[in-house]
Novice: 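Here it is: the structure, laid out below.
Residues: numbered from 1 along the sequence shown. Below, all heavy atoms of this structure are taken into account, side chains as well, without hydrogens, waters or symmetry copies. Keep in mind that what you see is a predicted model, and the values were worked out from it rather than measured.
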Amino acid sequence: MAEEFGNICRAVWNTGLEQRREYRRRGAWGVVTLAATSDGRFLDRSFVSPGEAARYRRLQQQLARTRKGSERRRACRAKMRVVMRRVRDRRQDFHAQSARQIVDGNALVVLEDLNTAAMTATARGSVPEPGVRVRQKSGLNRAILDKGWHSFELAVRNRARRTGATVCTVNPAHTSTTCPVCGHVHPDNRKSQARFVCTACGHKGHADTVGAKNTLARGHAGHRAWRPRLQPVREAPTSVKPQGINAPTA
């Protein structure tokens, strides 16, 4: 009986070990950058310093030891709000700076239509059907929320209103597993979080850059955008001849 139980435990352990190796091989490492552009740029920064993160953890532990409704608890929560306010200000400032880099000089900006609420849903499950890998999913949810993709989209749209550029969103499905050269779609094209190698034509590149190129291509479908010199952005469908001052003839 003991030997059989040991074999079962060993089999479960080996199965979990193979799953972890497969996750590492396929690059299931979560969120790395805030945004990637089709020209190979990566926009990201840390919004909280190591000292602030350690201080916030200590305040959380202190909050857990306080009594509800006490003055000490209110003071602790006020200190926590100060830390998070600094993080929020840095995030909004970086979003504004990044939006300016992306929007200025472009007539069309294409973003992935990400459902952040569904992406950050809990994996706890229920009592009859408990969830799996709950701690890993919690870490992924924190990483997604820390990037602030919705706030970044608002910053891009706000900047686009000043420059006259058009912002549109497209379906993000399979953008990082589709080859931008031959159009071959397969999960094995993405070897890891950053490595993309097409299994059909052999095209290589950064997986995030490949996804950005496919996103831009989907946004360009049926759309033509051009910017006359010293004039507001003017756009026209590909089936319509552009009209306006200094409109391109070809």
Side-chain angles (χ1 to χ4, degrees), residues 5 8-10 12-24 26-36 42-100 111-159 169 172 193 208:
F5 180 76
I8 294 175
C9 293
R10 192 176 300 108
V12 172
W13 167 258
N14 291 335
T15 302
L17 180 61
E18 292 299 324
Q19 289 178 348
R20 290 192 294 272
R21 289 174 177 173
E22 180 66 15
Y23 278 120
R24 294 192 186 100
R26 295 295 300 273
W29 298 324
V31 182
V32 177
T33 59
L34 168 67
F42 298 91
L43 306 175
D44 191 49
R45 64 155 291 181
S46 177
F47 303 121
V48 57
S49 65
E52 289 175 334
R55 173 174 171 78
Y56 195 79
R57 285 194 298 269
R58 290 196 300 269
L59 290 173
Q60 286 180 319
Q61 296 171 356
Q62 180 179 344
L63 182 68
R65 295 191 296 267
T66 58
R67 187 175 63 256
K68 291 185 179 181
S70 64
E71 187 65 29
R72 186 164 171 258
R73 186 179 183 87
R74 284 192 290 269
C76 183
R77 296 185 66 177
K79 295 177 183 178
M80 295 173 67
R81 285 194 296 269
V82 170
V83 176
M84 296 310 299
R85 188 182 304 117
R86 293 173 183 169
V87 175
R88 184 171 59 253
D89 291 344
R90 293 192 194 106
R91 184 185 297 114
Q92 292 178 351
D93 181 68
F94 183 74
H95 287 172
Q97 295 180 19
S98 301
R100 182 172 183 175
L111 304 173
E112 290 184 337
D113 188 12
L114 300 174
N115 188 357
T116 309
M119 295 171 64
T120 56
T122 180
R124 285 197 301 266
S126 58
V127 175
E129 297 180 359
V132 296
R133 300 179 64 86
V134 178
R135 294 188 62 182
Q136 291 84 345
K137 185 61 169 61
S138 300
L140 177 62
N141 293 348
R142 286 193 296 269
I144 292 175
L145 295 175
D146 179 67
K147 299 302 179 184
W149 286 333
H150 180 65
S151 174
F152 177 67
E153 180 180 349
L154 294 179
V156 170
R157 293 186 181 275
N158 182 59
R159 184 63 187 178
T169 57
Q193 188 279 328
D208 291 338

Novice: Sorted by first residue and then second, give each salt bridge (Lys or Arg N to Asp or Glu O under 4.0 Å) pair with at least one member in residues 55-68; sequence neighbours left out.
Specialist: none
Novice: Work out which heavy atom in Phe94 is nearest to a heavy atom in Leu34; give both atom names and the distance.
Specialist: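 Closest approach of Phe94 to Leu34: CE2-CD2, 3.5 Å.
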Novice: Could you give me the CA-CA distance, side-chain angles and deciding distance for Arg86 and Val48, then say whether side-chain contact (heavy atoms from CB on, under 4.5 Å) is met?
Specialist: CA-CA 8 Å; Arg86 293 173 183 169; Val48 57; over 6 Å; no
Novice: What is the distance from atom OG of Ser49 to atom CZ of Arg90, rounded to the nearest 0.5 Å?
Specialist: 5.5 Å
Novice: Suppose we screen for side-chain contact (heavy atoms from CB on, under 4.5 Å). Which residues come up paired with Asp93, at least two apart in sequence or across chains?
Specialist: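 Once residues adjacent in sequence are excluded, the partners of Asp93 under the side-chain contact (heavy atoms from CB on, under 4.5 Å) criterion are Gln97.
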Novice: By side-chain contact (heavy atoms from CB on, under 4.5 Å), which residues pair with Leu154, not counting sequence neighbours?
Specialist: His150
Novice: Is there a side-chain contact (heavy atoms from CB on, under 4.5 Å) between Tyr56 and Val87? Walk through the geometry before answering.
Specialist: CA-CA 11 Å; Tyr56 195 79; Val87 175; over 6 Å; no
Novice: Asp113 and Pro172: which non-hydrogen atoms are nearest, and at how many Å?
Specialist: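 Looks like O-CD, 3.6 Å.
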Novice: If you round to the nearest 0.5 Å, how far is NZ of Lys147 from CZ of Phe47?
Specialist: 6.5 Å
Novice: Under 3.5 Å, sequence neighbours excluded: what are the donor-acceptor pairs made by side chains of residues 73-84?
Specialist:
| unit_1 | atom_1 | unit_2 | atom_2 | d |
| --- | --- | --- | --- | --- |
| Arg73 | NH1 | Leu63 | O | 3.2 |
| Arg73 | NH1 | Thr66 | OG1 | 3.2 |
| Arg74 | NE | Glu71 | OE1 | 3.4 |
| Arg74 | NH1 | Gly69 | O | 3.1 |
| Arg74 | NH2 | Glu71 | OE1 | 2.7 |

Novice: Once side-chain contact (heavy atoms from CB on, under 4.5 Å) is applied, do any residues pair with Glu153, and if so which ones, sequence neighbours excluded?
Specialist: Leu111, Arg157, Thr169
Novice: Quick one: list whatever passes ring pair (Phe, Tyr, Trp, His ring centres under 6.0 Å) with Phe152, sequence neighbours left out.
Specialist: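 So Phe152 forms a ring pair (Phe, Tyr, Trp, His ring centres under 6.0 Å) with His95.
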Novice: Sub-3.5 Å donor-acceptor pair from the side chain of Arg159 to the main-chain atoms of Arg100, do we have one?
Specialist: no
Novice: Is Val32 close to Asp44 at the side-chain level, that is, under 4.5 Å between some pair of heavy atoms?
Specialist: no
Novice: Measure across Met119 and Ile144 and return the closest heavy-atom pair with its distance rounded to 0.1 Å.
Specialist: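 Smallest heavy-atom distance, with atoms named: CE-CD1, 4.0 Å.
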Novice: Determine whether a donor-acceptor pair (N or O, by modelled atom type, separation under 3.5 Å) exists between the side chain of Arg91 and the backbone of Asp146.
Specialist: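 At least one qualifying donor-acceptor pair exists.
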Novice: What pair of heavy atoms forms the shortest contact from Asp208 to Phe42, and how long is it?
Specialist: CB-CE2, 3.9 Å
